[in-house]
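These notes concern the structure reproduced below.
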Amino acid sequence: MRIKAKDLIGMDQLDREQIGLILQTAKEMKTILKRDIKKVPTLRGKSVVTLFFEPSTRTRTSFELAAKYMSADLVNINTSVSSVVKGESLKDTGKTLEAMGVDIVVIRHSMAGAPQVLGGYLKARVINAGDGFHQHPTQALLDMMTIQERLGGFEGLKVAIVGDILHSRVARSNLFGLTTMGAEVTFCGPPTLMPPGLERPGVNVTYDMDEAVAEADVVMMLRIQLERQKAGYFPSIREYSRCYGLNKQRLALAKKDCLVLHPGPINRGVEMAGEVADSLQSCINEQVTNGVAVRMALLYLMLEQKEE
C-alpha cells in the first residue's frame, strides 16, 4: 500500500488505510529518534527543499531534522532574500528548483491553495506545511499519532477542539483526519470565530466550553492569534480567557485520563493556564517529538513511492 496522490495537500485526500500506514511508519521512525546516533542512510542521494513564506519554528525545524536524520540533501530557502522579493512567481520558483534536480518541496504559504498550484507545475513531490486558512496535514497527523500512542486508537473517542476555528488550518485538517478514523469532534469557540457549515455526521458545534469539554477524551486548544483581537472578533483577551481558556477546573469536567494538545506556540494564561500546560495530561512536548517522526515517515513514503 502507498500514498495514492503525488502530493500531500490535505487530510481529505487520505483514507483510513493511508492514515494508518503513515502512523505505523512514523512509529517505526520514532525508534531512530531514541538512538544515540540519529542517522540512517534511507534517503541518501535524495534532495529536499523547505520553502517557507511564513514564519515557522516547529514545522520547519522538524522537516529539516527529519530530512537530515535520513541522510537526504537539504536546502532551506529564505524567501525574504530570494528572487521572490524581485517579483518571481511561485511557478517560476518551483520550475527553477526542479531544474536543479529537487525531489520534494515542503511549502508553507499565506495563500490557501498555493501548495496545490505549485504541485501542478512540478514533477517533484510537494508537501503542504500549512497554507493560509486551508489545511496543515502534517500537524493533524502528529496530533493523531500522539492520540493513538496514549489512547490506543480513535474509534468512538470524543475530541473537543477549542478556539479560533474560523482561521485554523489545524482544525480543518484534524476534522478530516479524526472523523475518517472514527472519532467524534466537537468544535467550540466564540460565535464570531466559528465558520458556517461545520455540522456533519460525527461533528458537533457548541459555544459553551464546559459543554464541549464534558467527558472529552482529548481537548485540543488552538492558539489565539492576537492580531484577531484588534479586528474585534472578541471583546478582550481577558474575556476570551474567562470564557474559552482551559484551566484546571474546566479540565476536571473531562474524562480522568483526558489528553491536552496544542499545536503551539502557547499563549500562557490566554487559551491555556500554565498549570494545565505543565500537567501530566499535557502532550505538547510529545507532539513536537512525534512531529519529527511523522515528517520522517512522509518523506520516506513519498520518496520511496517516487522511486517505484
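The model shown is predicted, which means the values in this text are computed figures rather than measured ones.
- Side chain of Gln135 to backbone of Met11: a donor-acceptor contact under 3.5 angstrom is found.
- Within 6.0 Å of CD in Gln116 there are 12 or fewer heavy atoms belonging to other residues, nucleotides or ligands.
- Between Arg150 and Glu286, at least one side-chain N (NZ, or NE/NH1/NH2) sits under 4.0 Å from a carboxylate O, which counts as a salt bridge.
- With a 4.5 Å cut-off on side-chain heavy atoms, Ile266 and Arg223 do not count as touching.
- A distance of 10.5 Å separates OG1 of Thr180 from CD of Glu17, quoted to the nearest 0.5 Å.
- Side-chain atoms of Lys39 come within 3.5 Å of backbone N or O of Lys68 as a donor-acceptor pair.
- In this structure, Arg268 pairs ionically with Asp278, as a charged nitrogen and a carboxylate oxygen lie closer than 4.0 Å.
- The shortest distance between side-chain heavy atoms of Ile19 and Met145 does not fall below 4.5 Å.
- A salt bridge between Arg16 and Glu155 is present, with a side-chain N of the basic residue lying under 4.0 Å from a carboxylate O of the acidic one.
- Separating the CG atom in Leu14 from the CG atom in Leu141 is a distance of 6.5 Å, to the nearest 0.5 Å.
- Put simply, Val48 and Ile9 are part of two different groups of oily side chains (I, L, V, M, F, W, Y) that touch within less than 4.5 Å, one to the next.
- Taking the centre of each ring, Tyr233 and His167 come in below the 6.0 Å mark.
- Here the closest non-hydrogen pair linking Ile165 and Arg172 is O-NH1, 3.5 Å.
- Closest of all the heavy-atom pairs between Glu64 and Thr50 is OE2-OG1, 3.3 Å.
- For the atom pair CD1 of Ile22 and CZ of Arg295, the computed distance is 12.5 Å after rounding to the nearest 0.5 Å.
- Atom CD1 of residue Ile107 and atom CG of residue Asn128 lie 8.0 Å apart, to the nearest 0.5 angstrom.
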Counting only pairs under 3.5 Å, give me each side-chain donor-acceptor contact of residues 205-214, with atom names and distances, residues two or more places apart or in other chains.
residue : atom : partner : partner atom : Å
Thr206  : OG1  : Asp208  : N            : 3.1
Thr206  : OG1  : Glu211  : OE1          : 3.3
Asp208  : OD1  : Asp210  : N            : 2.9
Asp208  : OD1  : Glu211  : N            : 3.3
Asp210  : OD1  : Arg250  : NE           : 2.9

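- For the pair Thr61 and Thr57, the tightest heavy-atom approach, listed with the atom from each and the gap, is OG1-O, 2.7 Å.
- Of all heavy-atom pairs spanning Leu299 and Phe63, the tightest one is CD1-O, 4.3 Å.
- Here the CD1-OG1 distance, from Ile3 to Thr25, works out to 8.0 Å after rounding to the nearest 0.5 Å.
- Of all non-hydrogen atoms in Asp7 and Ala124, the two that sit nearest each other are OD1-O, 3.9 Å.
- Hydrophobic clustering, with ILVMFWY side chains joined whenever heavy atoms are under 4.5 angstrom apart, groups Leu90 together with Val75.
- Hydrophobic clustering (ILVMFWY, side-chain heavy atoms < 4.5 Å, transitive): Ile32 and Val288 are in distinct clusters.
- Side chain of Ser173 to backbone of His136: a donor-acceptor contact under 3.5 angstrom is found.
- Closest approach of Ile224 to Asn267, counting heavy atoms only: O-ND2, 2.9 Å.
- Heavy atoms of other residues, nucleotides or ligands lying less than 6.0 angstrom from NZ of Lys30 number more than 12.
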Under the side-chain hydrogen bond (donor to acceptor under 3.5 Å, both in side chains) rule, what do Thr146 and Asn290 come out as? Steps first, then yes or no, please. CA-CA 7 Å; Thr146 305; Asn290 290 340; 3.0 Å; yes

Residue pair Ser89, Asp92: steps toward the side-chain hydrogen bond (donor to acceptor under 3.5 Å, both in side chains) verdict: CA-CA 5 Å; Ser89 69; Asp92 289 335; 3.2 Å; yes

